[in-house]
**Student:** 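I'd like to ask some things about the structure below.
Any value given below was found using the heavy atoms of this structure, including those in side chains, with hydrogens, waters and symmetry copies removed.
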Amino acid sequence: MAEHTEAEVTIEEREYPEEIFLEDARYQNLMMQYRCAILELETKFHVLNSEFSLRHNRNPIESIKTRLKSPHSIVEKMRRKGWELSPESIERNLSDVAGVRVICSFPEDIYSLATLLTRQDDIVVVGIKDYIANPKPNGYRSLHLILGIPIFLSGGKKHMRAEVQFRTIAMDFWASLEHKLKYKQDIENAESIAEELKACADTICQVDYRMQEIRRIIDPGRVGPEEDEEQKVSESIWWEKRAADIAREE
């Protein structure tokens with residue numbers, strides 16, 4: 001059997017196929033577009049945070065974390081799913097290449113920000129996974145949105161998909177530790193540890209909502225009680241309807 005020359009070796013046959021992200025201009029261009037989507041999202045959140053601060057005299061966002069999926073992770077996932085490794089296939093199949101995590105002070109801030117963001121007329125809502133209302137079996141809580149984010153290039157406007165995760169400080173603390181513990185090898189009593197982690201997640205959830213109630217008592221904010229309640233009901237109805245629409249589309 002004849003050996004391949006270097007030029008004939010396919011991406012799948014390479015020992016380190018992720019090197020194409022450094023060599024091929026098409027992959028470099030795609031990653032640039034995902035970075036632009038992250039920048040657009042960051043700007044939108046900074047604007048919302050500033051407006052919220054003016055209206056309610058507090059900032060709902062504690063921090064914003066961003067990440068671009070690494071070439072190694074992209075290649076691994078594409079291979080695991082059996083998808084062709086090409087820029088077109090990555091853009092078509094992956095929704096989490098661009099990721100933004102928004103850490104909020106309280107659970108109600110998560111839903112307020114998500115509602116305000118997804119109501120913007122240049123945002124396309126692709127998917128909603130509410131792991132706060134419906135936690136994962138291990139106790140994980142977070143609100144995940146898959147969004148189409150507009151970026152403006154020299155050739156015109158284009159929507160890029162990005163994943164946004166909303167968590168409270170406590171949810172993020174639990175998820176970070178659980179992630180580290182999950183990848184420890186040869187754990188004794190793994191089942192009992194999983195139960196303990198689930199119990200911790202439930203306790204953290206209770207604390208989140210108790211702290212939220214304390215905040216409402218201490219600082220009801222600049223918005224009047226009647227207007228505030230009306231806004232919450234409106235957001236709740238819209239959010240439930242949008243989540244139902246996404247579920248039907250899936």
Side-chain angles (χ1 to χ4, degrees), residues 38 41 45 60-70 72-83 93-115 117-118 125-147 161-215 236 239-240 242-244 246-250:
I38 289 173
L41 270 171
F45 280 121
I61 298 177
E62 291 288 334
S63 63
I64 300 173
K65 304 175 183 179
T66 66
R67 71 105 178 91
L68 193 67
K69 203 174 187 70
S70 70
H72 177 78
S73 295
I74 290 173
V75 171
E76 190 277 329
K77 187 168 185 177
M78 297 295 284
R79 281 179 159 175
R80 176 161 42 87
K81 295 288 188 178
W83 293 326
N93 290 305
L94 297 187
S95 298
D96 61 346
V97 175
V100 175
R101 183 175 299 154
V102 181
I103 310 302
C104 296
S105 304
F106 304 100
E108 65 182 0
D109 294 335
I110 290 175
Y111 292 106
S112 293
L113 285 169
T115 300
L117 177 68
T118 55
V125 180
V126 179
I128 300 172
K129 296 290 185 183
D130 191 344
Y131 296 115
I132 299 174
N134 302 287
K136 289 186 176 182
N138 67 346
Y140 175 84
R141 288 171 169 83
S142 183
L143 176 64
H144 293 196
L145 305 181
I146 302 299
L147 304 174
R161 275 189 294 176
E163 181 184 54
V164 181
Q165 297 179 357
F166 293 91
R167 298 175 185 170
T168 63
I169 303 168
M171 291 175 196
D172 190 55
F173 164 74
W174 181 91
S176 297
L177 291 182
E178 192 272 346
H179 180 77
K180 292 178 182 178
L181 293 172
K182 186 169 63 176
Y183 287 96
K184 295 289 185 182
Q185 301 297 319
D186 302 323
I187 301 176
E188 294 184 5
N189 304 317
E191 187 173 335
S192 62
I193 291 174
E195 291 176 358
E196 184 65 24
L197 284 169
K198 171 66 166 59
C200 288
D202 294 341
T203 300
I204 284 174
C205 177
Q206 293 171 10
V207 171
D208 258 341
Y209 283 97
R210 288 176 66 184
M211 295 296 286
Q212 180 172 281
E213 288 303 314
I214 292 171
R215 184 204 63 77
S236 175
W239 191 250
E240 289 175 6
R242 193 68 193 92
I246 293 296
R248 282 196 296 271
E249 290 168 9
E250 291 179 344

**Student:** Do you know which two heavy atoms are closest between Ala201 and Gly139, and how far apart they sit?
**Tutor:** CB-O, 3.4 Å
**Student:** Among all residues two or more places apart in sequence or in another chain, which pass the salt bridge (Lys or Arg N to Asp or Glu O under 4.0 Å) test with Arg161?
**Tutor:** none
**Student:** Can you name the side chain to side chain contact (heavy atoms under 4.5 Å, CB included) partners of Arg210, sequence neighbours left out?
**Tutor:** none
**Student:** Ion pair present between Asp208 and Arg141, side-chain N to carboxylate O less than 4.0 angstrom?
**Tutor:** no
**Student:** Working note: Ser95 + Val126, criterion side chain to side chain contact (heavy atoms under 4.5 Å, CB included); need CA distance, chi angles, decisive distance, verdict.
**Tutor:** CA-CA 9 Å; Ser95 298; Val126 179; 5.6 Å; no
**Student:** Just how far is it from atom CG of Leu68 to atom OG of Ser73, taken to the nearest 0.5 Å?
**Tutor:** 10.5 Å
**Student:** Hey, does Ile64 have a side-chain heavy atom less than 4.5 Å from the side chain of Val100?
**Tutor:** yes
**Student:** Residues two or more places apart in sequence or in another chain: which of them pass side chain to side chain contact (heavy atoms under 4.5 Å, CB included) with Lys198?
**Tutor:** Asp202
**Student:** Considering only heavy atoms from C-beta outward, does the side chain of Leu143 approach that of Ile128 to under 4.5 Å?
**Tutor:** yes
**Student:** Output the distance between atom CD1 (Ile110) and atom CD1 (Ile132), rounded to the nearest 0.5 Å.
**Tutor:** 3.5 Å
**Student:** Surrounding CZ of Phe173 (heavy atoms of other residues, nucleotides or ligands, distance under 6.0 Å), is the total greater than 12?
**Tutor:** no
**Student:** Below 4.5 Å, heavy atoms only, C-beta onward: do Leu117 and Leu147 meet side chain to side chain?
**Tutor:** yes
**Student:** Atom CG of Asn93 and atom NZ of Lys81: how far apart are they, to the nearest 0.5 Å?
**Tutor:** 10.0 Å
**Student:** Kindly compute the distance separating SG (Cys200) from CD (Glu178), expressed to the nearest 0.5 Å.
**Tutor:** 11.0 Å
**Student:** Who pairs with Glu195 by salt bridge (Lys or Arg N to Asp or Glu O under 4.0 Å), at least two apart in sequence or on another chain?
**Tutor:** none
**Student:** Do Met211 and Thr168 come within less than 4.5 Å of each other through their side chains, counting heavy atoms only?
**Tutor:** no
**Student:** Can you measure from CD1 (Ile103) to CD (Gln165) and round to the nearest 0.5 angstrom?
**Tutor:** 8.5 Å
**Student:** Side chains of Ser142 and Met171: does their closest heavy-atom pair fall under 4.5 Å?
**Tutor:** no
**Student:** Please work out whether the ring planes of His144 and Tyr131 are parallel, tilted or perpendicular, with thresholds of 30° and 60°.
**Tutor:** perpendicular
**Student:** Could you list the residues that satisfy side chain to side chain donor-acceptor pair (under 3.5 Å) with Glu213, not counting sequence neighbours?
**Tutor:** Arg216
**Student:** Distance from Ser192 atom OG to Leu197 atom CG, nearest 0.5 Å?
**Tutor:** 9.5 Å
**Student:** Just so I know, are the side chains of Asp130 and Tyr111 near enough to count as touching, which here means a heavy-atom distance under 4.5 Å?
**Tutor:** yes
**Student:** According to ring-ring contact (aromatic ring centres under 6.0 Å, His included), who are the partners of Phe45, at least two apart in sequence or on a separate chain?
**Tutor:** Phe166
**Student:** Taking NZ, NE, NH1 and NH2 as the nitrogens, is one of them in Arg215 or Glu108 under 4.0 Å from a carboxylate oxygen of the other?
**Tutor:** yes
